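Structure record follows, encoded as C-alpha cells.
Lettering follows sequence order; numbering is per chain, from 1. On a predicted model such as this, the values are computed, not experimentally measured, just so you know.
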Amino acid sequence: MTTSTVTRSPRPLGSSMRDRLGSAFGSWFLPSVAAVAIFAIMVALRPLVASTTGLNLVLAPLIPLVFAVLAQMFVVAAGDIDLGIGSFIGLANVVMAVVLPTDLVGGLLLLLVMLAGYAGMAVLISVRGLPSIVVTLGMSFVWLGIAILILPTPGGAVAPELVSFVRFTTPVVPGVVIVLTITTVLVALFLNRTKYGTVLRGSGSNAEGVRRAGWSVLRAKVSLYVLAGFFGLLSGLYLSGQTGGGDPYIASSYVLLSIAGVIVGGGSFRGGEVSAVGAVAGGLVVGLLGALLQFIGVQSSFQAAAQGLVLVLVLVLRASVAWIQKVRRTR
Amino acid sequence: MLTTLRSGGRRALTVGAVFAASAMLLAGCAGGAPDAGSSGSAGGDGAEKPIKVALSNYFNGNIWRKQMEASFEATAKANPQYVSEFKTVNSDGSAPQQAQQIQSLVLEGYDTILIDAASPTALNGAIQEACDAGVTVVVFDSLATADCAYKVAFDYEAYGETEAQFMADKLGGKGNLLMVRGIAGITVDDDIYRGVTNVLQKYPDMKLVGEVYGQFTESTAQQEVAKILPSLPKIDGVLTEGNDGGGTLDAFLQAGVSPVPLIIQGNSGQGLQGWAKVSQENPSYETMSISSQPSISSTALWLAWMLKNDKNDAKNLPEKTMYAPLLIIPQENRDAWANALDYTQIAENPTTLEQATSYVESANAGTPLLKEEPLPPTS
C-alpha cells in the first residue's frame with residue numbers, strides 16, 4: 001500500500017499532491033488526538049495547567065524537543081535516521097553559552113560550519129551510499145568531542161538577550177503556543193503545499209522517480225539534512241535560552257525521543273511518509289507523557305517503564321487503525 | 001500505511017471527538033481556580049507549618065541513589081507534623097526531562113522542591129522559574145548553580161585530601177599508588193582528584209602509577225582493576241572514590257597479590273566485610289573507609305523545612321550553602337558497620353532534625369562540619 005508520490009511520472013505534480021494531502025490527514029490525526037487527550041487529562045487533574053503560566057510551564061520544556069523531532073523528521077523523510085542529533089544540539093548549546101557571548105562573529109561562523117557539516121553528511125550518504133545510521137552515529141561523537149573541547153564540564157552563561165527572546169510571552173496567549181503554532185504551520189505549508197516540499201518528500205520514498213522527473217536527488221537530500229541541522233540549531237537555541245548555561249550532554253536523551261516522536265507522529269522509516277503536524281503532535285505526546293505520569297502519581301521507579309509502555313500502546317493503536325482500514329477496503 | 005479516514009461517518013465521529021476534547025479543555029479553563037502555587041499558609045504566626053515537598057532525582061539506577069530516595073521517603077513518612085505531603089520523581093538521566101518535571105511539580109502545588117541535579121547548568125532556568133513562583137528550592141549532592149537555590153553539598157575535595165593524607169601517613173610518604181576514580185568528566189570525580197593531588201604534591205616519593213574508572217560500582221571497579229593490574233609495578237596503596245573498594249580488594253585477591261596493598265574502602269558492606277576478612281588473616285593490615293552519605297536527601301529535607309519556617313537563621317547561610325558531613329569509618333568502627341550493613345548497602349547516618357540543625361549552625365558559624373565518624377544507628 002505505497003502512498004502515491006511524485007514518482008508516478010505520467011501524472012503531473014499537482015494531482016499527486018492532492019493524494020498526498022489526503023493521506024496526510026490520517027497520519028497526523030491520531031497523534032494530535034493523543035496529544036489533546038493527554039493535555040485534557042492534565043487539565044482535569046490540575047486546572048491551573050490551562051492558565052497562561054501553566055501553559056508556559058508545561059509546554060516550554062517541550063519546545064526544544066519538538067524542534068528536535070522536526071529535525072529528525074526531515075532526516076526520516078529522506079529515508080534515513082539521525083543518531084547524532086542529540087550531540088549536535090548539545091554542541092549548539094555549548095557554542096551559544098560559551099563562544100557566542102564573547103565572540104559573536106566566531107560563534108555564528110561555528111554554527112554555520114555545523115550546518116555545513118549536515119550538508120556534508122548528506123553528500124557522503126547520498127554519493128557514497130553509506131548507511132546513515134553509521135555516518136550520523138560517527139558524527140555524534142565528533143559533535144560531542146568538539147563540545148567537550150570547548151566546555152569540559154558544564155558551565156558558561158548564555159547572553160541575556162537570548163534568554164529574554166526565548167522566554168518571550170504575552171499576557172493573553174502564551175509565547176510557547178505562538179511559537180508552536182507558527183512553526184507547525186510554516187513547516188506543514190512548506191512540505192505539503194510547495195512544489196519543492198513535495199520533491200523533498202518524494203526523494204525519500206522513491207529517489208528514482210524524482211530523478212526521472214528532472215530533480216536532483218543529491219540536492220534534495222542536502223536540503224533535507226540542512227533543514228534538519230537548522231531545526232537542530234533552533235532546538236539548541238531554545239535549550240540555551242531556557243537553561244541559561246551550556247552542557248555538552250544536555251540533549252543526549254533527544255536521540256531516541258526524537259525518533260519516537262516522528263514515529264508516534266505518523267512517520268515511517270521507509271522515507272517520504274512524514275507529516276509536520278504529526279511530528280509536532282508526536283513530540284508533544286512523547287514529552288507530555290512524562291508530565292502526565294508524574295501528575296497521576298506513578299511511582300518514580302515505574303515512570304520510565306510506564307512511559308515506554310504507553311508509547312508502544314500508541315504504536316499498536318496506530319497499526320490496528322491501519323489494519324482495520326485495510327480490511328474494510330478489501331472487503 | 002496510514003491513510004485517510006475517508007468515510008463520512010468516521011469523519012463526523014472524529015470531529016465530535018475534537019469537540020469533546022475542546023469542551024474538556026474549556027471546562028478545565030473555567031474551573032481553573034489556582035489551587036496550586038499558594039504555599040500552605042495555614043496556621044497562625046509562629047506556628048510551625050508542614051511542607052509539601054517533592055524530590056526530583058535524575059537517576060536512580062545505582063544503590064546509592066536508591067538509598068538516597070529511600071532516606072527521603074522514610075524521613076518524610078516518619079514526620080507528618082513536618083511534612084504534609086511528599087513525592088519522588090525520577091527523570092532517567094535526562095536533564096531536559098528533569099527541567100520539565102520541576103516545572104510540573106510547581107504546577108502541582110509543591111511548595112518545596114529538592115533536586116539532585118542532572119547538570120550544574122541545564123536546570124537553572126527551571127529552578128529560577130520555580131523560585132519566581134514562590135517555591136523553596138534546595139539542590140543537594142549533584143548541585144545546580146542557580147543563585148536562588150539553597151545548596152547542600154559534600155566537600156569532595158576534603159574527601160580526596162583525607163584519604164590521600166591517611167595513605168601518606170600509613171606508607172611513610174613513599175610508594176606506588178593506584179587510583180580508582182568515579183566517572184570521567186563529572187564534578188565529584190574532579191573534586192576528589194584535586195584533593196588527592198593537593199596532598200600528593202607534598203610527597204614527591206608517592207607516585208600515582210595508574211588510574212582506572214570504576215563508575216562508583218564495586219563490580220566495575222573489580223573488572224577495571226583486574227585489567228590494569230598486570231601492567232603495573234608493585235602497588236602499595238589504592239585510593240578510591242566510594243562504593244569501589246570491595247571490588248578493588250577482590251581484584252587483588254583474585255590476582256594472588258600478597259600482601260594486599262592498603263586499599264581505602266568506600267563504605268559499602270562488601271568493602272567493609274572484605275576488609276574485616278583481610279584483617280583476620282593479617283592483623284597488622286590497617287586502612288580506613290570514607291564516602292558520602294545517601295541520607296543527604298534527609299538533610300536537604302530538613303533544611304527546606306527550616307527555610308519555610310524561618311528557623312536557625314537558615315536563610316542567611318553563607319553563599320546559601322551548607323554541608324552534609326562525609327562519613328568516615330575508622331578501624332575501631334569497622335566491625336560494627338560491617339555487621340550492620342547488607343553486602344550491597346552503603347553506610348549512612350539517618351539525619352534527624354537535631355543533626356541537620358547542628359550542620360546549619362556550624363555552617364553559619366563559618367566552621368562547617370565536613371566529616372563525621374558515627375557508629376551505625378541502633379534500631
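Ranked by heavy-atom pairs shorter than 4.5 Å toward chain A, the options B:Lys66, B:Gln100, B:Gln97 are led by B:Gln100. Annotation: maximal heavy-atom pairing with chain A below 4.5 Å, among B:Ala54, B:Ala122, B:Ser94, B:Ser91, occurs at B:Ala122. By number of non-hydrogen pairs under 4.5 angstrom with chain A, the leading residue of B:Asn57, B:Leu105, B:Leu123 is B:Leu105. Ranked by heavy-atom pairs under 4.5 Å with chain B, the first of A:Gln294, A:Arg167, A:Gln242, A:Met42 is A:Gln294. When each of B:Pro96, B:Ala130, B:Ala146, B:Ala95 is checked for heavy-atom pairs under 4.5 Å with chain A, B:Pro96 comes out on top.
For the pairing with B:Thr75, the side-chain hydrogen bond (donor to acceptor under 3.5 Å, both in side chains) check across B:Ser295, B:Ser297, B:Ser298 returns one residue only, B:Ser298. Of the residues listed (B:Arg181, B:Glu241, B:Met179), the one engaging B:Val196 in a side-chain contact (heavy atoms from CB on, under 4.5 Å) is B:Met179, and it is the only one.
Interface residue A:Tyr254: only side-chain heavy atoms are found under 4.5 Å from chain B. Heavy-atom distances place the side chain of B:Glu129, and not its backbone, under 4.5 Å from chain A. Interface remark: A:Leu62 contributes side-chain atoms only to the contact with chain B (heavy atom separation under 4.5 Å).
Ring centroid separation for the pair A:Tyr238 and A:Phe67 comes in under the 6.0 Å cut-off.
Residues B:Leu107 and A:Arg46 are not in side-chain contact: their nearest non-hydrogen atoms beyond the backbone lie 4.5 Å or more apart. Under the 4.5 Å side-chain criterion, counting only non-hydrogen atoms from C-beta, B:Glu211 is in contact with B:Tyr193. Side-chain contact between B:Thr112 and B:Leu114 is present, with heavy atoms from C-beta onward closer than 4.5 Å.
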